[in-house]
There are 2 protein chains.
Amino acid sequence: MGTTQLESVPEPKYWHLKTVLSEALDSEFSVGEILPNERDLAARFGVARATLRQALEQLELEGRLQRRRGVGTTVAPPRVGVAVGSEQQAWPGAAGDDWQTVDCAAAVPPASVADALGTDREQAVHTVRRSRMTHGQPVAAELLYIPEASVPELSAIDAPSGAARARAVLRELQRLELESRENAVELGSARADDAKELDRLPGAPVLVVTTRYLAGGRTAAVSVATYRADTCRLTFGDSGAVEIHEGPERQAS
Amino acid sequence: MGTTQLESVPEPKYWHLKTVLSEALDSEFSVGEILPNERDLAARFGVARATLRQALEQLELEGRLQRRRGVGTTVAPPRVGVAVGSEQQAWPGAAGDDWQTVDCAAAVPPASVADALGTDREQAVHTVRRSRMTHGQPVAAELLYIPEASVPELSAIDAPSGAARARAVLRELQRLELESRENAVELGSARADDAKELDRLPGAPVLVVTTRYLAGGRTAAVSVATYRADTCRLTFGDSGAVEIHEGPERQAS
DNA sequence: TAGTGGTCTAGACCACTCA
DNA sequence: GAGTGGTCTAGACCACTAG
């Protein structure tokens, strides 16, 4: 990628640097390839390491790079499209989705969720944790909030917590008739627990998808799913993401 | 907000700082209020300015703060929800949307857009620029790509460029029957031109919404809209093209 | 243990806004 | 011109990964 000199322009160095690196990624590197380390790169471009890092951070934000502590910086594959609005009529946990139920507990939801659910702010609700995998990589961590009222017959079916309980809650939920869903997407940063599940550091940029499940004229459940912003492109609408990827087709389970 | 001491924990300082600031924002500040400047804040917490800035950057990313060079750091209002998937059956420029048509030119689209449109990579298409305002603030800048084939009768109707031309293109486009739309959302950073229009600095985080408009079995148009990630929450109504059941109408704005 | 990215410091100067 | 946030430097040490 050469030893390109940075001209002294009013444009910030890191911005110019980002452009140069971006072009180098297109022309001289292939997916998965390891870049020189930050100290070498900074020296090569004649800038401080912090400046070089500013450029790398942006490229990582745009999904061009992947950095891992103790390992290095690699060229990221194109973002994977994940369908968020396609299973239009389905409750979470319906057959065929690629979510994995992790566990379940009773917990008091954040105030905003409680308001959406119409429950008291101190009232505990079923809290189901799920994670979503695509191509063997974790792409999303989700917390599902389901008030007692939505699963009235759950009482003594299963264990009080754990994955079995979670599945029981979702099973009960599916007895309701789903009227519609409402999605919202916004930018956030990963909490510590989500970050761990997503194999990122805390604070990593994520796309937060909040879904309200409406049934019987009320909000029967609320889902807050955090997607890795660096690796994901969220698709909404009819035919979601049919991804082109080489290799054997995923087989039905 | 006090002079809270940072304990020496393995948790990064900026992370802890962010938590402390976040709580202070909730309890001791109101929307629009100006924070102390970065040098004072850093001194107050006993950290270097760079560390303090790392915390502020995250809070800005989460939409809690707004920073303006030469002015200061203020407490941001809650994110505004902007509907992206609600006018499911509408072409861009349909009556009632809150987009403002800026201008139009013939230009060669990015390769990815050309592929989606099915045009040659060197072929120029109508490129309409629009901007979206909400509550008097710019929230999105859009580039619409419309191939000649989608507006065959446009020939000599209006000026070769400018806002009048743009409106003529959109008017012609609306003669086609819209079959469906496909949306994708991903994280990006603002290009210089978009940043200017959004009143942000280049590189600011944006949510990039790519929409394919399908008509007559082909992609009739592609829209690439960049939304300010700090101020916007994108909402996708469900109302999947098919089902229409009565009920309380969702209201815009 | 060597090498990587992540955090942190204490400065400096620049670009911008506004009185 | 005073004050703000934005950029940049040249170091240092830490946390993590892997041979």
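Below, all heavy atoms of this structure are taken into account, side chains as well, without hydrogens, waters or symmetry copies. We name chains A, B, ... by the order of the sequence lines, and we start the count at 1 in each one.
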(request) Identify, between R39(B) and A50(B), the residue whose nearest nucleotide on DNA chain C lies closer to the 5' end. (result) A50(B)
(request) Starting from P on dA10(D), measure out to CZ on F45(A) and report it in whole angstrom. (result) 17 Å
(request) Determine whether W15(B) and P202(A) make a side-chain contact, defined as any pair of heavy atoms from C-beta on separated by less than 4.5 Å. (result) yes
(request) Round to a whole Å and report the spacing from CG of L56(B) to P of dG5(D). (result) 8 Å
(request) Quickly work out the R200(A) CZ to dC16(D) C1' distance and round it to whole Å. (result) 14 Å
(request) Tell me which nucleotide among dA15(D), dC8(D), dG5(D) gets nearest to the side chain of R69(A). (result) dA15(D)
(request) Check whether any side-chain heavy atom of K13(A) sits under 4.5 Å from a side-chain heavy atom of Q54(A), and report yes or no. (result) no
(request) Would you please classify the geometry between the F236(A) ring and the F236(B) ring as parallel, tilted or perpendicular, with 30° and 60° separating the classes? (result) parallel
(request) Compare side-chain N and O positions of T51(B) against OP1 and OP2 of dT9(C) and report whether any pair is under 4.0 Å apart. (result) yes
(message) Partner lookup for dG19(D), please. Criteria are Watson-Crick or G-U wobble with both distances under 3.5 angstrom; report none if nothing qualifies.
(response) none
(request) Identify, between R49(A) and G70(B), the residue whose nearest nucleotide on DNA chain D lies closer to the 5' end. (result) G70(B)
(request) Report the distance from atom CD of Q54(B) to atom P of dG6(D), rounded to the nearest whole Å. (result) 14 Å
(request) Let me know the distance between NZ of K13(A) and C1' of dA15(C), rounded to the nearest Å. (result) 16 Å
(request) Check whether any side-chain heavy atom of D230(B) lies under 4.5 Å from a side-chain heavy atom of R200(B), and answer yes or no. (result) yes
(request) Identify which one of L143(A), V102(A), V169(A), D103(A) satisfies the side chain to side chain contact (heavy atoms under 4.5 Å, CB included) criterion when paired with V128(A). (result) V169(A)
(message) Closest approach to the side chain of E38(B), judged atom by atom: which nucleotide of dT7(D), dG5(D), dT9(C) is it?
(response) dG5(D)
(message) Counting the atoms with a prime plus P, OP1 and OP2 as sugar-phosphate, which does L201(A) contact under 4.0 Å by heavy atoms, base, sugar-phosphate, or nothing?
(response) sugar-phosphate
(request) By nearest nucleotide on DNA chain D, pick out whichever of W15(A) and G72(B) is the more 5' one. (result) G72(B)
(message) If you only use heavy atoms from C-beta on, which nucleotide in dT4(D), dC8(C), dC18(C) is closest to the side chain of N37(B)?
(response) dT4(D)
(message) On the nucleotide dT4(D), are OP1 or OP2 found under 4.0 Å from the side-chain N or O atoms that R67(B) carries?
(response) no
(request) Nearest whole angstrom, please: distance from the C1' of dT4(D) to the CZ of R53(B). (result) 11 Å
(message) What's R68(A) touching, base or sugar-phosphate or nothing? Going by heavy atoms closer than 4.0 Å.
(response) sugar-phosphate
(message) Does dC8(D) have its OP1 or OP2 closer than 4.0 Å to a side-chain nitrogen or oxygen of Y14(A)?
(response) no
(request) Using whole Å, report how far CG of L52(B) lies from P of dT9(C). (result) 10 Å
(request) Please state how far atom CD1 in I34(B) lies from atom P in dC18(C), giving the value in whole angstrom units. (result) 11 Å
(request) Using a strict 4.0 Å threshold on nitrogen-to-oxygen distance, state whether R53(B) and E38(B) make a salt bridge. (result) yes
(request) For dT4(D), take OP1 and OP2 only and decide whether either is under 4.0 Å from a side-chain N or O of T73(B). (result) no
